[in-house]
2 protein chains.
Amino acid sequence: MTQKDDFDLREFLPYLLNQAAEISSQSFQRIYKGRYGMLRTEWRVLFHLAIYERMTAKDICEKAIMHKTKVSRAVQRLEQRRYLQRKPDEKDRRHEWLTLTSQGRAVYEDLRAHAQQHDQVLMQKLSTEEITVLRRALNALSQP
Amino acid sequence: MTQKDDFDLREFLPYLLNQAAEISSQSFQRIYKGRYGMLRTEWRVLFHLAIYERMTAKDICEKAIMHKTKVSRAVQRLEQRRYLQRKPDEKDRRHEWLTLTSQGRAVYEDLRAHAQQHDQVLMQKLSTEEITVLRRALNALSQP
DNA sequence: GGTTGTTAGTTACATTTTCAACTATTACCA
DNA sequence: TGGTAATAGTTGAAAATGTAACTAACAACC
């Protein structure tokens, strides 16, 4: 198993990004899955609603860059657990406004605390300068 | 939909990493999926075999940080398409040595060219300094 | 030498995701 | 006004993934 090719996978950005994303997500996954049986799609929706307070599923699709079926199903499960409420828009009944319940907000507060703590741990692997550049670069790469 | 919370998702590394990974993978995905009907797991295995020439499934699991069932299934599909061959180890028949066929290498060469081109496009969004720091940071974050 | 433990890899089943088709509502425009 | 197009969101079937249990081969130890 000796390297032969001049092409190095560890320089290929999509590969590197996936690797880093996968590994750095794992320990946070254990938290939201272990404590609340949630999926990745679900914590994302929950966090978006906590941060923006009031969104339609469409808004979430755009902000979180998630497919509408993913969002739809995440919303269903969060509703079943009474973490969010739906209210149809009066003027355009195709839209549904989503907001967290107090229960949902409580879950968010708990997860957010863990998220921030988790982020601290990750950042310990990097210098402050690296963190700044990394965030900037990741944001740039997130523009489609 | 106005931001309320002081916690910013766009600073949470696992989120940012996932977003960037997702988006930057998409156009490469169109290529390996469109041209060869391959999955992400499959191009990864293919690339590893091209680069390291001869590996067992276990080796690939470790290098690529993929679960053994993923690797097992990717190997099956690559074998069906005649992109790789298996040879049991003579001394320890639990091991199987995997190597690409010439067909598999041809597919790799094609995909590699596209990968490099795709990487160029991605890197245009960044300065050379950002690229250096990004790669270093991603490698650091990829250590579990 | 036979029992027990380990390792490489596969398979079966449950859970998630994807893709396409669907409903319901509003917009557009002749 | 009526008919077609567009939009928000849901659903069902197929594909992919995760988890755990499994087989086969070897190792170790008494």
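Quick note: numbers below take in every heavy atom, side chains included, and nothing from hydrogens, waters or symmetry partners. Here is the naming used below: chain letters follow the sequence lines, and residue numbers restart at 1 for every chain. Remember, it's a predicted structure, so these values are computed and weren't measured experimentally.
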Starting at atom CG of A:L78, determine the distance to atom P of D:dG9, rounded to an integer number of angstrom.
15 Å
Length of the line joining A:K70:NZ and D:dA8:C1', which is rounded to integer Å:
19 Å
A:W43 vs A:Y32 aromatic rings, parallel, tilted or perpendicular, using cut-offs 30° and 60°?
tilted
From NZ of A:K33 across to P of D:dT17 the rounded distance in Å is 15 Å
Taking atom C1' of D:dG18 as reference, at what distance in whole Å does atom CD of A:E22 sit?
12 Å
Between A:R10 and A:D8, does at least one N-O distance fall below 4.0 Å, as a salt bridge requires?
yes
Looking only at the side chains, is there a donor atom on one of A:Q19 and A:Y15 sitting less than 3.5 Å from an acceptor on the other?
yes
Heavy-atom nearest nucleotide on DNA chain C taken for A:D89 and for A:G37; more 5' hit belongs to A:G37
Is A:E42 salt-bridged to A:R77, going by a charged N under 4.0 Å from an acidic O?
yes
Extract from the structure each pairing of a protein N or O with an N or O of nucleotides 10-13 of chain C at less than 3.5 Å, listing the distance.
from, atom 1, to, atom 2, distance (Å)
C:dT10, OP1, B:R86, NH2, 2.3
C:dT10, OP2, B:S72, OG, 2.6
C:dT11, OP2, B:Q76, NE2, 3.2
C:dA12, N6, B:R73, NH1, 3.4

Got a donor-acceptor pair under 3.5 Å from the side chain of A:R94 to the base of D:dT7?
yes
Closest non-hydrogen atom pair between B:L141 and A:A20, with its separation:
CB-CB, 4.2 Å
Are A:F12 and B:F28 near enough that their ring centres are under 6.0 Å apart?
yes
Going by distance alone, is a donor N or O of one side chain under 3.5 Å from an acceptor N or O of the other, for B:D59 and B:T56?
yes
Can you tell me the distance, in whole Å, between the CD atom of B:E79 and the P atom of C:dG9?
13 Å
Length of the NE2-C1' vector between A:H95 and D:dA6, whole Å
12 Å
Just the rounded figure in Å: distance from P of D:dC26 to CG of B:D92.
5 Å
Value in whole Å for how far the C1' atom of D:dT23 lies from CZ of B:R93:
15 Å
Given D:dA16, D:dA8, C:dT17, the nucleotide with the shortest approach to the side chain of A:K58
D:dA8
So what does A:R40 touch, heavy atoms closer than 4.0 Å: a base, only the sugar-phosphate, or nothing?
nothing
